[in-house]
2 protein chains.
Amino acid sequence: MRIGELAKQAGCDVETVRYYERDGLLAKPEREISGYRNYNTLHLADLQFVRHCRSLGMKLAEIKVLMNFRSSPDGDCAGVNALLDVQIVRVEEQMAAMSLLKEQLIALRNKCEHRRTNKECGIMQSLNYAVQVRKCPCHR
Amino acid sequence: MRIGELAKQAGCDVETVRYYERDGLLAKPEREISGYRNYNTLHLADLQFVRHCRSLGMKLAEIKVLMNFRSSPDGDCAGVNALLDVQIVRVEEQMAAMSLLKEQLIALRNKCEHRRTNKECGIMQSLNYAVQVRKCPCHR
DNA sequence: GCACACCCTGTAGCCGCTACAGGGTCAAGT
DNA sequence: ACTTGACCCTGTAGCGGCTACAGGGTGTGC
């Protein structure tokens with residue numbers, strides 16, 4: 001199949017496929033005489049693997065590591081587990097940060113009693129000062 | 001004061017200050033004969049305002065809007081409120097997405113019973129397929 | 001007169017794409 | 001045989017918000 005079909009099946013953009021190839025994430029496919037890239041179902045499986053990893057928020061460098069694990073099927077999968085743990089920790093950290101952020105934004109939003117001028121606005125006034133930060137409100 | 005002192009007081013990098021100036025977020029300061037930028041406390045207040053907004057996750061374009069509100073102090077602050085609401089919605093959306101992500105990652109993590117080979121690893125096998133998505137687990 | 005901290009401009013890099021420009025190829029229709 | 005239009009190619013630039021140089025100039029203290 002050609003690149004358009006491949007991209008469609010994987011639910012991504014043609015440009016993205018070429019980007020992955022350039023980045024060394026996907027193997028370079030054979031070319032037709034015309035120069036067109038020609039893919040088979042193994043290429044598709046690889047691309048889908050990458051897209052699934054991406055949808056889980058993994059970085060391309062991390063996906064490369066997983067691809068390497070994949071190409072040594074008899075190796076110990078401890079590395080896979082460790083990589084997943086990194087993802088989970090990262091997401092948890094981001095969630096904690098967002099939680100704090102939301103709290104700050106809502107506190108700020110409540111500073112304004114409607115229909116004031118900009119200079120009287122409690123929000124605008126507060127933005128002149130650093131946000132009061134409690135020590136990690138999400139973990140108590 | 002010179003740029004190094006300004007950056008230090010605002011808790012950011014010198015390069016960041018110059019970047020903000022180039023981006024039109026901060027006014028261009030006077031120059032000394034040497035060509036060095038010379039700042040006063042008003043510049044510092046502006047920079048701190050920007051940094052506080054950034055720490056709340058606002059985009060530079062949004063901060064520009066707030067700066068404009070700031071320079072028309074007698075205007076109606078409804079726009080400020082609306083902008084804050086946009087921030088809050090954005091953070092809530094991101095938190096919902098992260099929550100879903102975390103759930104998916106943990107489900108995936110549980111697919112591997114320790115000390116297998118890569119090809120037997122439940123995680124690696126699952127990554128060949130799309131993640132099962134429940135309809136927004138964070139809102140019920 | 002020298003060292004060293006600081007400042008300047010301009011450019012390139014990070015990430016994961018996205019969006020062109022400027023061209024070639026192919027298949028169907030007339 | 002010719003045209004249309006969908007697809008493909010390479011290469012480059014842009015997004016956001018910085019960060020990190022290179023290659024130079026300036027200021028200050030000893």
Side-chain angles (χ1 to χ4, degrees), chain A residues 1-26 28-40 43-44 46-67 86-87 90-91 94 97 101, chain B residues 1-26 28-40 43-44 46-67 86-87 90-91 94 97 101:
Chain A
M1 91 195 84
R2 305 223 262 238
I3 198 170
E5 178 66 15
L6 182 87
K8 194 175 155 194
Q9 298 234 13
C12 72
D13 205 294
V14 165
E15 317 272 13
T16 303
V17 178
R18 286 197 281 249
Y19 174 76
Y20 288 163
E21 181 184 323
R22 250 193 340 273
D23 197 48
L25 204 51
L26 296 179
K28 300 195 177 197
E30 300 292 307
R31 298 286 185 133
E32 297 174 11
I33 314 102
S34 58
Y36 290 6
R37 289 172 180 79
N38 204 292
Y39 298 96
N40 57 36
H43 290 111
L44 178 58
D46 279 358
L47 178 55
Q48 282 171 334
F49 182 90
V50 172
R51 295 305 293 170
H52 297 152
C53 291
R54 282 294 297 136
S55 77
L56 291 169
M58 292 182 197
K59 298 179 181 190
L60 296 189
E62 292 166 336
I63 300 173
K64 269 184 211 173
V65 172
L66 284 183
M67 299 285 272
V86 168
Q87 309 306 308
R90 183 159 61 209
V91 168
Q94 286 177 3
L101 202 52
Chain B
M1 96 196 81
R2 305 225 263 238
I3 198 168
E5 178 65 17
L6 183 85
K8 194 174 156 197
Q9 298 235 12
C12 71
D13 206 293
V14 164
E15 317 272 13
T16 303
V17 177
R18 286 197 281 248
Y19 174 76
Y20 288 164
E21 181 184 324
R22 250 194 338 273
D23 197 48
L25 203 52
L26 296 179
K28 299 196 179 196
E30 299 292 307
R31 299 287 185 132
E32 295 174 12
I33 313 101
S34 58
Y36 289 7
R37 289 171 180 81
N38 204 292
Y39 298 96
N40 57 36
H43 290 112
L44 177 58
D46 278 359
L47 177 55
Q48 282 172 334
F49 183 89
V50 172
R51 294 306 294 170
H52 297 152
C53 291
R54 282 292 300 137
S55 77
L56 292 168
M58 293 182 199
K59 299 179 178 188
L60 297 190
E62 292 166 336
I63 299 172
K64 271 184 209 173
V65 172
L66 284 183
M67 299 285 271
V86 167
Q87 309 305 308
R90 183 160 61 209
V91 168
Q94 286 177 2
L101 202 53

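Quick note on labels: first sequence line is chain A, next is B, and so on, each numbered from 1.
Residues B/C12 and B/V50 form no side-chain contact, since every pair of their non-hydrogen atoms from C-beta on lies 4.5 Å or further apart. Under the 4.5 Å side-chain criterion, counting only non-hydrogen atoms from C-beta, B/L25 is not in contact with B/Y19. Residues A/V14 and A/V17 are not in side-chain contact: their nearest non-hydrogen atoms beyond the backbone lie 4.5 Å or more apart.
Distance B/R31 CZ to D/dG27 P: 13 Å, rounded to the nearest Å.
The side chain of B/R51 places no N or O atom within less than 4.0 Å of a non-bridging phosphate oxygen (OP1 or OP2) of D/dG17.
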Throw together a table of side-chain donor-acceptor distances under 3.5 angstrom for residues 31-39 of chain B, partners on residues two or more places apart or in other chains.
residue: B/R31; atom: NH1; partner: B/G35; partner atom: O; Å: 2.8
residue: B/E32; atom: OE1; partner: B/R2; partner atom: NH1; Å: 2.8
residue: B/E32; atom: OE2; partner: B/R2; partner atom: NH1; Å: 3.3
residue: B/E32; atom: OE2; partner: B/N38; partner atom: ND2; Å: 2.9
residue: B/S34; atom: OG; partner: B/Y36; partner atom: N; Å: 3.3
residue: B/R37; atom: NE; partner: B/E21; partner atom: OE1; Å: 2.8

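Axis angle between the ends of the helix from C/dG1-D/dC30 to C/dT30-D/dA1, five pairs each and rounded to 10 degrees, works out to 30°.
When each of B/E15 and B/R54 is assigned the nucleotide of DNA chain D with its nearest heavy atom, B/R54 is the one assigned upstream, toward the 5' end. Comparing A/E32 and A/T16, the nucleotide of DNA chain C nearest to each residue sits closer to the 5' end for A/T16. In this structure, B/G35 and A/N38 both approach DNA chain D, and ranking their closest nucleotides by distance from the 5' end singles out A/N38.
In 5' to 3' order, the nucleotides of DNA chain C bounding all contacts with chain A (an atom under 4.0 Å from a heavy atom) are C/dG16 to C/dC26.
Contacts between residues 17-25 of chain B and DNA chain C, defined by a heavy-atom separation under 4.0 Å, are made by B/R18.
With sequence neighbours left out, the side-chain hydrogen bond (donor to acceptor under 3.5 Å, both in side chains) criterion links B/Q9 to B/E5. In this view, B/R90 and B/E62 satisfy the salt bridge (Lys or Arg N to Asp or Glu O under 4.0 Å) rule, not counting sequence neighbours. Residues passing the salt bridge (Lys or Arg N to Asp or Glu O under 4.0 Å) test with B/R51, sequence neighbours excluded: none. For B/N40, the side-chain hydrogen bond (donor to acceptor under 3.5 Å, both in side chains) partners are B/H43, not counting sequence neighbours. Under the salt bridge (Lys or Arg N to Asp or Glu O under 4.0 Å) criterion, B/K8 pairs with no residue at all, not counting sequence neighbours. Residues that satisfy the side chain to side chain contact (heavy atoms under 4.5 Å, CB included) test with B/Q48, not counting sequence neighbours, are B/A10, B/L44, B/H52. For the salt bridge (Lys or Arg N to Asp or Glu O under 4.0 Å) test, no residue two or more places apart in sequence or in another chain qualifies with B/D13.
Within the 3.5 Å criterion, the main-chain N or O of B/G24 finds no donor-acceptor partner in the side chain of B/K64.
In this structure, B/I63 CD1 and B/D46 CG are separated by 12.0 Å, a value rounded to the nearest 0.5 Å.
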Can you name the atoms? Protein N/O to nucleotides 4-7 of chain D N/O, anything below 3.5 Å, with the distance.
none

